[in-house]
Peer 1: 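Mind having a look at this structure? Questions to follow.
Each chain gets a letter, A, B and so on, in the order its sequence line appears, and its residues count up from 1.
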Amino acid sequence: MTPEFPAPETRSLHFIEEILEADLASQKHGGRVMTRFPPEPNGYLHIGHAKSICINFGLAQKYGGKTNLRFDDTNPTKEDIEYVDSIREDVHWLGFEWAGEHYASDYFPFLYDYAEYLIGQGKAYVCDLSDEEIKEYRGNFYNPGKESPYRNRTVEENLDLFRRMRAGEFPDGSRTLRAKIDMQSPNMNLRDPLMYRIKRAHHHRTGDAWLIYPMYDFAHGVSDALETITHSICTLEFEDHRPLYEWFLEQDVEGKFFQRPLPRQIEFARLNLTHTVMSKRRLLQLVQENQVQGWDDPRMPTICGLRRRGYTPEAVRAFAEHVGVAKRDMVADVELLEHCIRQDLEARAPRAMAVLRPLKLVITNMSEAETFEVELPRHPEHPELGTRRIPFSHELWIDQDDFREEAPKKWFRLAPGAEVRLRGAALVRCEEIVKDSTGAVVELRCTWDPASKGGNAPDGRKVKGTIHWVSARHALDAEVRLYEQLFLADDPMDVPESQDWHQGINPQSLEILRAKLEPSLASAQPGERFQFERTGYFAVDLDSKPGALVFNRTVGLKDSWSKIEAKG
RNA sequence: UGGGGAGUAGCCAAGUGGUAAGGCAGCAGGUUUUGAUCCUGCGUAUCGAGGGUUCGAAUCCUUCCUCCCCAACCA
């Protein structure tokens with residue numbers, strides 16, 4: 001019943017699709033496409049992940065393949081079950097089903113065996129260098145590294161030491177297992193990278209079964225290969241790791257561990273959005289310092305924040321589609337995201353009238369007792385959505401923004417002496433303004449033209465302005481929350497790394513209003529979205545209780561009046 | 001002073017030797033009982049810069065410039 005959100009006219013393939021099609025054409029993987037989305041469960045998913053999710057799942061879908069959800073849980077000190085739950089929920093919400101749900105931690109035994117194999121092949125060794133020493137021996141960008149004095153231990157010694165590392169004979173940090181590659185390599189990642197570290201930490205899945213944990217570089221490719229992933233799509237910062245990714249898999253010289261052909265890593269540029277920060281570190285900090293109300297605060301760029309704000313999965317997916325996939329660092333304009341949600345909601349959100357900042361309007365030539373109902377469609381283009389009945393009476397609320405005591409040029413809303421249409425109801429003319437002792441306008445006294453019931457005058461006179469209204473006697477009270485962009489900076493890169501990066505936070509990022517709503521909204525359910533005519537799209541807060549409606553503004557309607565006014 | 005990437009309009013992004021798609025934003029009109037939506041039109045893009053090859057270059061060669069990533073027992 002709800003209209004389809006139009007897909008962008010996508011035309012040419014992006015570079016990843018070209019790779020997939022080439023592999024498909026050459027039957028490299030026997031016509032198979034298998035991708036994976038591999039988050040570390042150390043935070044909530046954000047819009048940047050949504051891009052990755054859409055790419056991984058979308059590509060597999062497009063080419064008849066499948067996608068696994070894999071939790072890259074190799075660092076127990078940062079990870080938590082709370083995060084895996086939220087990630088599962090968010091991926092589902094976005095509308096994707098994963099073929100298999102895996103955990104890097106499920107592969108700990110396999111990883112361990114493969115590590116022993118590498119030791120046996122003379123490709124890995126136990127190193128006793130300390131944290132600082134490793135760093136020192138590694139050299140830097142300009143100077144090659146030095147080989148560890150432990151690099152040439154015998155296979156037997158390495159195996160013995162590694163087994164004892166696992167058995168817990170050595171303290172945390174005292175030894176590591178390292179890949180024996182090349183300390184001279186200009187690629188720092190290849191200077192004998194760590195494969196395992198000793199860490200006595202409780203893992204959210206394996207508990208205390210392991211005292212040694214594999215590093216990302218070792219675990220990731222192996223996990224991909226085990227799941228027979230064909231294309232391992234990740235972000236640009238892993239480009240330097242690709243040789244290492246390949247190295248670890250290629251050491252399976254006898255082909256005893258992995259199915260061929262091996263997966264291929266492909267990198268794309270991660271998403272950045274104007275007016276927001278995306279790093280997990282910062283998002284976590286916002287939550288921990290109570291700068292926001294939680295991971296799902298509607299100002300957060302998290303998936304759950306967007307959901308709570310009233311975004312639809314369709315709009316998020318459309319956004320991911322619109323931003324494109326390439327390899328250059330990019331900062332997408334948040335206006336594009338807003339365009340996507342507006343377009344989606346415009347097509348499907350029921351309309352309702354709401355007055356955010358109430359101003360009383362009294363119709364002096366209408367009796368206090370009189371009441372009638374007007375009937376308006378829920379959606380102008382979808383009669384199948386039905387209609388709503390809205391009571392009209394002599395005392396109404398209109399929005400303060402719809403009245404100007406001194407009307408600028410081209411203003412065609414209400415002003416002294418001006419006539420305007422109350423949407424769907426009738427024409428009213430402002431005859432008198434009532435002010436309080438401070439000079440603030442508190443009431444408008446108007447006359448209406450009873451002949452204009454329905455909104456048009458029989459004499460055909462034109463009124464350009466149409467405003468929305470709510471009958472005071474029948475109005476519903478609601479709390480409406482206006483969320484603005486959290487950050488002042490246009491570019492997330494402008495937000496300083498220093499401790500005072502919070503200065504980028506917009507103090508006006510949340511405004512709470514007591515609003516008046518048309519009574520038909522009484523039955524609105526949490527999560528439902530509406531277009532409050534002439535103002536914007538709003539969603540009933542997920543925590544909203546019946547009888548105490550709380551709305552979050554998803555996004556405002558575009559209002560060209562401000563532009564007209566700005567031009568004078 | 002190393003290595004790896006990337007530079008096409010304000011923001012994204014096609015294009016891979018034949019004379020610069022599309023979207024967002026912006027501008028100008030039209031329709032409209034939401035100044036919304038919708039519709040129409042609008043961009044002289046030194047294709048980072050210089051040099052070269054070619055009948056012809058955003059695309060090839062070359063030099064240079066700029067930006068991003070890499071020196072966690074993070075991912």
Side-chain angles (χ1 to χ4, degrees), chain A residues 8-14 38-40 42 72-75 77-79 127 129-131 134-136 138-145 172-178 185-191 194-199 212-213 215-217 219-220 234-243 267 269 274 280 321-340 342-343 346-347 351 353 376 380-381 410-413 421-425 427 454-456 463-468 490-491 493 531-536 556-564:
Chain A
E9 321 137 20
T10 321
R11 19 8 124 148
S12 33
L13 303 175
H14 60 242
E40 179 186 18
N42 67 344
D72 223 331
D73 55 353
T74 56
N75 185 5
T77 55
K78 288 188 175 177
E79 297 150 8
C127 183
L129 254 27
S130 70
D131 197 340
I134 287 178
K135 186 175 177 145
E136 183 193 327
R138 185 145 38 215
N140 55 39
F141 296 153
Y142 317 114
N143 300 304
D172 285 10
S174 62
R175 285 180 220 259
T176 56
L177 182 72
R178 295 231 250 166
S185 174
N187 181 346
M188 301 293 290
N189 294 302
L190 265 22
R191 317 245 266 226
L194 267 52
M195 292 169 62
Y196 271 96
R197 72 282 217 184
I198 304 172
K199 187 179 267 197
I212 57 174
Y213 290 95
M215 303 291 289
Y216 165 85
D217 285 304
H220 202 89
C234 63
T235 45
L236 250 27
E237 65 269 29
F238 293 104
E239 260 173 329
D240 283 347
H241 295 241
R242 197 189 326 132
E267 310 85 10
T274 55
K280 276 188 188 171
E321 194 78 32
H322 276 80
V323 291
V325 181
K327 296 189 75 157
R328 40 197 291 209
D329 298 314
M330 50 95 73
V331 181
D333 201 319
V334 75
E335 299 228 42
L336 179 58
L337 213 209
E338 297 188 334
H339 161 80
C340 291
R342 277 197 199 98
Q343 190 168 337
E346 158 63 30
R351 311 288 128 121
M353 291 205 285
L376 286 176
E381 286 163 47
K410 292 187 182 172
W411 174 262
F412 40 83
R413 277 121 100 160
R421 171 164 37 238
L422 296 177
R423 171 137 228 237
L427 268 27
N456 276 319
V463 288
K464 280 180 138 178
T466 299
I467 65 175
H468 55 172
D490 285 342
D491 183 336
M493 304 310 183
Q531 184 197 84
F532 289 172
E533 289 186 292
R534 297 209 47 220
T535 95
L557 238 45
K558 283 193 172 185
D559 180 0
S560 57
W561 166 248
S562 56
K563 286 180 201 162
I564 296 169

Peer 1: Take Leu194(A) and Gly424(A), find for each the nucleotide of RNA chain B with the closest heavy atom, and name the residue whose nucleotide sits nearer the 5' end.
Peer 2: Gly424(A)
Peer 1: With a non-hydrogen cut-off below 4.0 angstrom, is Ile134(A) in contact with a base, only sugar-phosphate, or nothing?
Peer 2: base
Peer 1: With hydrogens left out and only the distance checked, is there a donor-acceptor pair under 3.5 Å joining Arg413(A)'s side chain and the base of G35(B)?
Peer 2: yes
Peer 1: Looking at G7(B), which nucleotide sits across from it as a Watson-Crick or G-U wobble partner, both distances under 3.5 angstrom, or is there none?
Peer 2: C65(B)
Peer 1: Looking at Ser560(A), I'd like to know whether one of its side-chain N or O atoms comes within less than 4.0 Å of OP1 or OP2 on A36(B).
Peer 2: yes
Peer 1: Which part of the nucleic acid, if any, lies within reach of Glu338(A) when heavy atoms closer than 4.0 Å are counted: base, sugar-phosphate only, or nothing?
Peer 2: nothing
Peer 1: Contact class for Thr74(A) (heavy atom, under 4.0 Å): base, sugar-phosphate, or nothing?
Peer 2: sugar-phosphate
Peer 1: By centroid distance (under 5.5 Å) and plane angle (under 30°), are Phe141(A) and U1(B) in a stacked arrangement?
Peer 2: no
Peer 1: Closest approach of Pro38(A) and Asp72(A), non-hydrogen atoms and distance?
Peer 2: O-CB, 3.8 Å
Peer 1: Using a heavy-atom cut-off of 4.0 Å across all strands, would you classify Asn456(A) as base, sugar-phosphate, or nothing?
Peer 2: base
Peer 1: Does A25(B) have OP1 or OP2 under 4.0 Å away from a side-chain N or O of Lys558(A)?
Peer 2: yes
Peer 1: How far does the C1' atom of C42(B) sit from the matching atom of G5(B), given to the nearest Å?
Peer 2: 37 Å
Peer 1: Applying a 4.0 Å non-hydrogen cut-off, can you work out what Phe238(A) is touching in the nucleic acid: base, sugar-phosphate, or nothing?
Peer 2: base
Peer 1: Charged N to carboxylate O under 4.0 angstrom, Glu239(A) versus Lys327(A)?
Peer 2: yes
Peer 1: How far, in whole Å, is A72(B) from C67(B) if one measures between their C1' atoms?
Peer 2: 25 Å
Peer 1: With respect to the phosphate group of A72(B), does any side-chain polar atom (N or O) of Lys135(A) fall under 4.0 Å of OP1 or OP2?
Peer 2: yes
Peer 1: Within less than 4.0 Å of OP1 or OP2 of C24(B), is there a side-chain N or O belonging to His339(A)?
Peer 2: yes
Peer 1: Tell me: CD of Glu346(A) to C1' of U37(B), nearest whole Å?
Peer 2: 4 Å
Peer 1: At 4.0 Å (heavy atoms only), tell me whether Tyr213(A) reaches a base, stays on the sugar-phosphate, or touches nothing.
Peer 2: nothing
Peer 1: Looking at every non-hydrogen atom in both residues, tell me the closest pair between Thr74(A) and Tyr213(A) and how far apart they are.
Peer 2: O-CB, 3.5 Å
Peer 1: With both distances under 3.5 Å as the test, what is the Watson-Crick or G-U wobble partner of U40(B)?
Peer 2: A28(B)
Peer 1: With a 4.0 Å cut-off on heavy atoms, is Ile564(A) in touch with a base, just the backbone sugar-phosphate, or nothing at all?
Peer 2: base
Peer 1: Measuring only the P atom in each nucleotide, how far is G17(B) from G3(B)? A whole number of Å is fine.
Peer 2: 29 Å
Peer 1: Tell me: CD of Glu335(A) to C1' of G26(B), nearest whole Å?
Peer 2: 10 Å
Peer 1: Using a cut-off of 4.0 Å on non-hydrogen atoms, how would the nucleic acid contact of Val463(A) be classed: base, sugar-phosphate, or nothing?
Peer 2: nothing
Peer 1: Can you see if the side chain of Arg534(A) gets near the phosphate of G35(B) - specifically, an N or O under 4.0 Å from OP1 or OP2?
Peer 2: yes
Peer 1: Could you state the CG-P distance from Asp131(A) to A72(B), rounded to the nearest angstrom?
Peer 2: 9 Å
Peer 1: Indicate yes or no for a side-chain donor-acceptor contact from Thr466(A) to the backbone of Arg421(A) under 3.5 Å, with no hydrogens or angles considered.
Peer 2: no
Peer 1: I want to check one thing: is the phosphate of C73(B), taken as OP1 and OP2, less than 4.0 Å away from some side-chain N or O of Arg138(A)?
Peer 2: yes
Peer 1: Identify whether any heavy atom of Lys410(A) sits under 4.0 Å from a base atom; if not, whether one sits that close to sugar-phosphate; answer base, sugar-phosphate or nothing.
Peer 2: base
Peer 1: What contact category does Asn75(A) fall into here, base, sugar-phosphate, or nothing, at under 4.0 angstrom with non-hydrogen atoms?
Peer 2: sugar-phosphate
Peer 1: Determine: side-chain N/O of Arg197(A) to OP1/OP2 of A75(B), distance under 4.0 Å, yes or no.
Peer 2: yes
Peer 1: Which of parallel (below 30°), tilted (30 to 60°) and perpendicular (above 60°) describes Phe238(A) and His241(A)?
Peer 2: perpendicular
Peer 1: Decide yes or no on side-chain contact (heavy atoms from CB on, under 4.5 Å) for Leu376(A) and Arg351(A), but give the supporting numbers first.
Peer 2: CA-CA 9 Å; Leu376(A) 286 176; Arg351(A) 311 288 128 121; over 6 Å; no
Peer 1: Only pairs with both distances under 3.5 Å count, Watson-Crick or wobble alike; so what is the partner of U1(B) in this structure?
Peer 2: none
Peer 1: Looking at C74(B), I'd like to know if its phosphate oxygens (OP1 or OP2) sit under 4.0 Å from a side-chain N or O belonging to Lys199(A).
Peer 2: yes
Peer 1: Mind checking the P distance from A14(B) to A6(B)? Whole angstroms is fine.
Peer 2: 12 Å
Peer 1: Please state whether the base of G4(B) and the side chain of Asn187(A) form at least one donor-acceptor pair under 3.5 Å?
Peer 2: no
Peer 1: Side chains of His339(A) and Glu335(A): any donor to acceptor distance under 3.5 Å?
Peer 2: no
Peer 1: For Thr176(A) and Met215(A), run side-chain contact (heavy atoms from CB on, under 4.5 Å): C-alpha distance rounded to whole Å, both residues' side-chain angles, the deciding distance at 0.1 Å, then the answer.
Peer 2: CA-CA 10 Å; Thr176(A) 56; Met215(A) 303 291 289; over 6 Å; no
Peer 1: Atom NZ of Lys327(A) to atom C1' of G4(B): distance rounded to whole Å?
Peer 2: 10 Å
Peer 1: Counting the atoms with a prime plus P, OP1 and OP2 as sugar-phosphate, which does Leu427(A) contact under 4.0 Å by heavy atoms, base, sugar-phosphate, or nothing?
Peer 2: nothing
Peer 1: Under 4.0 Å, counting only non-hydrogen atoms across every strand here, what does Pro380(A) touch: a base, just sugar-phosphate, or nothing?
Peer 2: base
Peer 1: Could you tell me whether A9(B) is syn or anti, where syn means a glycosidic angle within 90 degrees of zero?
Peer 2: anti
Peer 1: Assign each of Trp561(A) and Arg342(A) to its nearest nucleotide of RNA chain B by heavy atoms, then name whichever residue's nucleotide is nearer the 5' end.
Peer 2: Arg342(A)
Peer 1: Can you tell me how far C1' in G48(B) sits from the matching atom in A58(B), rounded to whole Å?
Peer 2: 12 Å
Peer 1: Write down the distance separating the P atoms in G50(B) and A9(B), rounded off to the nearest Å.
Peer 2: 15 Å
Peer 1: Under 4.0 Å, heavy atoms only, any strand: does Met353(A) hit a base, just the sugar-phosphate, or nothing?
Peer 2: nothing
Peer 1: So does Gln343(A) reach the base of U37(B) with its side chain, donor to acceptor, closer than 3.5 Å?
Peer 2: no
Peer 1: Respond yes when some side-chain nitrogen or oxygen of Lys563(A) is under 4.0 Å from OP1 or OP2 of G26(B), and no when none is.
Peer 2: yes
Peer 1: With a 4.0 Å cut-off on heavy atoms, is His220(A) in touch with a base, just the backbone sugar-phosphate, or nothing at all?
Peer 2: nothing
Peer 1: Between Ile212(A) and Leu177(A), does the side-chain contact (heavy atoms from CB on, under 4.5 Å) criterion hold? Intermediate values first, please.
Peer 2: CA-CA 10 Å; Ile212(A) 57 174; Leu177(A) 182 72; over 6 Å; no
Peer 1: With P as the reference atom in both, quote the distance from G4(B) to U63(B) in angstrom, rounded to an integer.
Peer 2: 15 Å
Peer 1: For A13(B), give its Watson-Crick or G-U wobble partner with both distances under 3.5 Å, or none.
Peer 2: none
Peer 1: Measuring only the P atom in each nucleotide, how far is A20(B) from U44(B)? A whole number of Å is fine.
Peer 2: 14 Å
